[in-house]
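Below is one structure, written out as structure tokens; the observations come after it.
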Number of protein chains: 2
Amino acid sequence: MISTKDRIASDLERSFAALGFAEQGVEALRAEADVSLRTLYKHFPSREAMIVGALEHRDVTYSRWLEGGPEDGAAHVLHPLVRLGDWLAEVANTGCLFLNAWAQYPDSAAIAAVVRDHKARLADEFRQRLARVVPGQDTGHLAETLFLLHEGMTQAARLQGREIAYDAAMQAARAALAAANIH
Amino acid sequence: MISTKDRIASDLERSFAALGFAEQGVEALRAEADVSLRTLYKHFPSREAMIVGALEHRDVTYSRWLEGGPEDGAAHVLHPLVRLGDWLAEVANTGCLFLNAWAQYPDSAAIAAVVRDHKARLADEFRQRLARVVPGQDTGHLAETLFLLHEGMTQAARLQGREIAYDAAMQAARAALAAANIH
DNA sequence: CGACAGGTATAGTGATCGCTCTACTTTTTC
DNA sequence: GAAAAAGTAGAGCGATCACTATACCTGTCG
């Protein structure tokens, strides 16, 4: 049983992803979610809350998107980057939804918090996968590099095309893993 | 002799960089540039034109910022990344001004054009430096990787801190160059 | 001198937008 | 089956904002 709030959050996420955060007012969001204005405001008491709700929803969907993959070796660590490549192939290429939101509302503490939270979780994903492949080894620096490549691929995809960005990121990632003797 | 328009553009760049594109209206920009509203609109006939003017100004200042550096070897190629690190140490950490603008106005052709232009010039900077160090060699793919690291460092700096982002990007860049036998 | 290019100062305008309020209906729950 | 919870429809308010219009000043140059 999916709650009304979750359904609206999903629609908001889709809507913001498609048209950005500035180009549509609350009325347009209401129409996209196909609810009354009152109901929309009951679940998300301000426009800012709608943005936060959409970002939180994407945080969950993207985490699920990264799950799974090969269970050992470099491929286990690289899986999130491969999945990002898949993601970029599916959606319109508008960069990172979180960073776009943050760029637009740099003074909103609530938005900054959800962005930092999401990115911290993402960096942790790489740390955990590295810990599984080479347990006990200090891989903090390597995890940061993989995270940086994730961010770089996201931005480069809209500037130079998905394939180029994917190839460049994957090659750099493989080289970094190889230098740490992870194959 | 610096023109009035250039002086205003410089103020606009500073203003947008400090406070973002959404948080200040035309009146705030006018105050920052210390001109009358009429003069501001004479040089930049719309708010969008003010944004474009600010971005064009930064395109020039950042190109100048990257100039020079060591004249041979890997250090010649890496110089723009080093300079980006210096840049990130000096300015407030708000990501890439161009991508922030684009995120906010995804439908503006004029803004999209100046963003693409700037990023193309940046990618070319890496290509030219590679061509100088290993003339005749096909380094297209390597240039894309360095460009991706540039974008990644910019974004990662606001998420994980400047030093971490700088170290991660430089390490990945050195590994990529070493793999191509550039030292 | 006098024309004029380019500046200042600022009030006003029309449109948009976030949000609320009123009045009513449907669904759920005990 | 009644009450309460949750939904719909949509008009309207107050504030903001991009942009314009009016009226005036000033330094330069033929």
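We name chains A, B, ... by the order of the sequence lines, and we start the count at 1 in each one.
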In whole angstrom, what separates E27(B)'s CD from dT20(D)'s P? 16 Å
If I take atom CD in residue E23(A) and atom P in nucleotide dT16(C), what distance separates them, rounded to the nearest angstrom? 14 Å
How far apart are the closest heavy atoms of L81(B) and L149(B), and which atoms are they? CD2-C, 4.3 Å
Which heavy atom in F98(A) sits nearest to a heavy atom in D59(A), and how many Å separate them? CZ-N, 3.7 Å
Quick one: is the NZ or CZ of R158(B) closer than 6.0 Å to the six-membered ring centre of W102(A), and within 45° of its axis? yes
Tell me whether the side-chain N or O atoms of R30(B) pair up with the base of dT10(C) as donor and acceptor below 3.5 Å, since no angle test is needed here. no
Closer than 4.0 Å, any side-chain N/O of H43(B) to the OP1 or OP2 of dG6(C)? no
Salt-bridged, E71(A) to R129(A), with N to O below 4.0 Å? no
Please state how far atom CG in L40(A) lies from atom C1' in dT20(C), giving the value in whole angstrom units. 13 Å
Between L37(A) and A22(A), who's closer to the 5' end of DNA chain C by nearest nucleotide? A22(A)
Measure the distance from CG on L12(B) to P on dA18(D) and round it to the nearest whole Å. 13 Å
Counting just side-chain N and O atoms, does T4(B) come under 4.0 Å of either OP1 or OP2 of dG7(C)? yes
Is there a side-chain contact between T39(A) and the phosphate of dT8(D), meaning an N or O under 4.0 Å from OP1 or OP2? yes
Nearest to side-chain heavy atoms of R47(B), which nucleotide of dA18(D), dG18(C), dA9(C): dA18(D)
Rounded to the nearest angstrom, tell me the gap between atom CE in M50(A) and atom P in dC19(C). 6 Å
Nucleotide nearest Y41(A) (side chain, heavy atoms from C-beta), chosen from dT20(D), dA9(D), dG18(C): dG18(C)
Do the charged groups of E67(A) and R83(A) touch, with an N to O distance under 4.0 Å? no
Interatomic distance, K42(A) NZ vs dT26(C) C1' [rounded to whole Å]: 13 Å
Separation of atom CZ in F21(B) from atom C1' in dC17(D), rounded to whole Å: 18 Å
Note: for E48(B) and R38(B) on DNA chain D, the residue whose nearest nucleotide lies more 5' is E48(B)
Could you check how far CZ of F44(B) sits from P of dG7(C), rounded to whole Å? 12 Å
